[in-house]
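Read the structure below first, then the notes.
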Amino acid sequence: MTHFCDPEDRSVSKLGAAYRYRFVVAFLIILFHFSVGLNYFSVAPVFPLIMEDFGVNRATVSLLVALALLVHAVFGLPGGVIAGRFGAKRVYFVAWILVGMSAFTSFAGDFGTLLALRLAYGIGFGLIIPTTAPLLMQWMKPREITFMNALDIAALTLGVAVSVTTVAPISEEIGWENALSVFGAVAFLGSVVWALLGKTKPLEFQAISDKSISLRDVSSVLRNKIILLLAAADALVFMHYTALTGWLPTFYGESRNMSLSESGFVTGLMPLVGVGAVLIGGVLPLRVSDQRIFFVVPGLLIGIGGLGSFLLNSYIGIVACIIILGIGSWAYPPTLLSLPMRLKDMTPEKIAIVWGLFVTVSGLGMFVSPIVVGAIRDHWGTFIPGFMIWGIGAWLLLIAGLLLPASVNSNPQFSQTER
């Protein structure tokens, strides 16, 4: 007996299969963010070893973090345009390989080569954030996007925590070059998995349009006062976070008599507790109507914990402040990335620009902050003034939360029906 399949039934079946495959894509996106986190600050705890082996000073070695973040920033804003032109799958694959260039650290015979590998990492990192935005809008249901933002950041944070807390003990066993290569190899393996399983959604199922990003779109984002306020606050928070993550291990060793492994462990608590904080930060906004509180409370925690992390002498006090700082630093990003979707006249194309703007502004700031701290330490013999500069600036997140208008709680553009 012959069975005839209605074309509409085939379309529904194809649509269902596409939405089921979103779990595979979601897993790969999360895995990519984890591999990025593994290589983010992995060099920081072994700065003393790198300085000893290559004969460079603190300001120079800080370029391994700072220049990578600068390149990350430069590729942030145009990253969405690149993804739109060449396709998210291709851009993700290339970005994953670039992040995985750290796998060749074992062959870096001089500081220049090591720096080049870090610059490749920065390019890859700069491409993934704006590319992730349209991928999420293609594959995820509206209410899933906020939680996926949280999972992505949590994965990145977990990667940072794993590398910062383990790179020193691993280096003691196999050398710091091989330890960094191990973290890079994870990203290389991930690129192979993405090449085999990564997909972009069939055109008829896409949630975003084929419209190219225009200069008018860029201009409207750059003139939006709310977006600019959030970008500035986010940048100052992560300038503070980068300065501390990059230099606290050295500071604790010099001024608090901690070993290399112990100082790396304490500093690694920031991203470690951030994993839980960012997941909570992804769930609570779905249940709390006033989104401004997710900037005010984290801003207060960052301000208190950040200053205490380097001003206190007590080990218990330092650990407590590091935990408070980690919670504050990672609780707000899911709201930061999702809130622009609530603003009037926002489109998927503009959201890609907004995410790219966040990457660029924060990345430029994160390039500056560790260099400033390292240079101040070399010149004045103390880290405290450098830490204080960014510790005070990070309070802008609290101020931004208080200045946000109540209208940010409305949702004219993002009130889509569940698919």
Check: [X] ring centroid to [Y] ring centroid under 6.0 Å:
X    : Y    : result
W194 : F93  : no
F383 : F310 : no
W247 : F47  : yes

Next on the checklist: Under the criterion side chain to side chain contact (heavy atoms under 4.5 Å, CB included), I'd like the reasoning laid out for I293 against Y332: C-alpha separation, chi angles, the key distance, then a yes or no.
Outcome noted: CA-CA 9 Å; I293 194 173; Y332 79 90; over 6 Å; no

Next on the checklist: Determine whether V74 and T360 satisfy the following criterion, side chain to side chain contact (heavy atoms under 4.5 Å, CB included), listing intermediate values before the conclusion.
Outcome noted: CA-CA 6 Å; V74 169; T360 295; over 6 Å; no

For the student: nearest non-hydrogen atoms of [X] and [Y], plus distance:
X    : Y    : value
M270 : L248 : CE-CD1, 4.3 Å
P298 : A331 : CG-CB, 4.2 Å
L64  : V43  : CB-CG2, 4.1 Å
L197 : V24  : CB-CG1, 4.5 Å
L312 : R256 : O-NE, 3.1 Å
A235 : V361 : CB-CG1, 3.7 Å

Checklist entry - Can you name the side-chain contact (heavy atoms from CB on, under 4.5 Å) partners of P385, sequence neighbours left out? => result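 For P385 the side-chain contact (heavy atoms from CB on, under 4.5 Å) partners, ignoring immediate neighbours, are I376, W380, T382.
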
Checklist outcome for this item: Across all chains, not counting sequence neighbours, the side-chain contact (heavy atoms from CB on, under 4.5 Å) partners of L272 are A161, L269

Checklist entry - Between V359 and F75, is a side chain to side chain contact (heavy atoms under 4.5 Å, CB included) present by the stated rule, with each step listed? => result CA-CA 8 Å; V359 170; F75 278 84; over 6 Å; no

Item to check | Positive for ring-ring contact (aromatic ring centres under 6.0 Å, His included) with F238, one of F358, Y40, W330, F367 | outcome: W330

Checklist entry - Taking the side chain from T60 and the backbone from V56, do they hold a donor-acceptor pair closer than 3.5 Å? => result no

Next on the checklist: Looking at S106, is its backbone amide N or carbonyl O close enough to the side chain of S181 to form a donor-acceptor pair, meaning the two atoms are under 3.5 Å apart?
Outcome noted: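 Checking the backbone N and O of S106 against the side chain of S181, a donor-acceptor pair under 3.5 Å is found.
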
Checklist entry - How about N39 and S42: does a side-chain donor come under 3.5 Å of a side-chain acceptor? => result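 Looking only at side-chain atoms, S42 and N39 do not form any donor-acceptor pair under 3.5 Å.
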
Next on the checklist: Does either side chain, that of N257 or that of Y252, offer a donor lying less than 3.5 Å from an acceptor on the other one?
Outcome noted: no

Checklist entry - Once you round to the nearest 0.5 Å, how far does CG of L339 lie from CG of L404? => result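 Interatomic distance, L339 CG to L404 CG, rounded to 0.5 Å: 7.0 Å.
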
Item to check | Of L38, V167, V186, the residue whose pairing with V162 passes side chain to side chain contact (heavy atoms under 4.5 Å, CB included) | outcome: L38

Checklist entry - For the side chain to side chain contact (heavy atoms under 4.5 Å, CB included) test, which of L28, T132, I153 pairs with H33? => result T132

Item to check | More than 12 heavy atoms from other groups under 6.0 Å of CZ on F27 | outcome: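 No.
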
Next on the checklist: On the six-membered ring of Y121, is R118 placed so that its NZ or CZ lies under 6.0 angstrom from the centre and within 45° of the ring axis?
Outcome noted: yes

Checklist entry - Once the angle between the rings of F41 and Y241 is folded into 0 to 90°, is it parallel (under 30°), tilted (30 to 60°) or perpendicular (over 60°)? => result tilted

Checklist entry - Under the side chain to side chain contact (heavy atoms under 4.5 Å, CB included) criterion, do F387 and H240 qualify, and how do the steps go? => result CA-CA 7 Å; F387 288 157; H240 177 47; over 6 Å; no

Compile the donor-acceptor pairs under 3.5 Å between side chains in residues 94-105 and protein atoms, sequence neighbours left out, one pair per line.
unit_1: W96; atom_1: NE1; unit_2: S35; atom_2: OG; d: 3.2
unit_1: W96; atom_1: NE1; unit_2: A187; atom_2: O; d: 3.3
unit_1: T105; atom_1: OG1; unit_2: S102; atom_2: O; d: 2.6

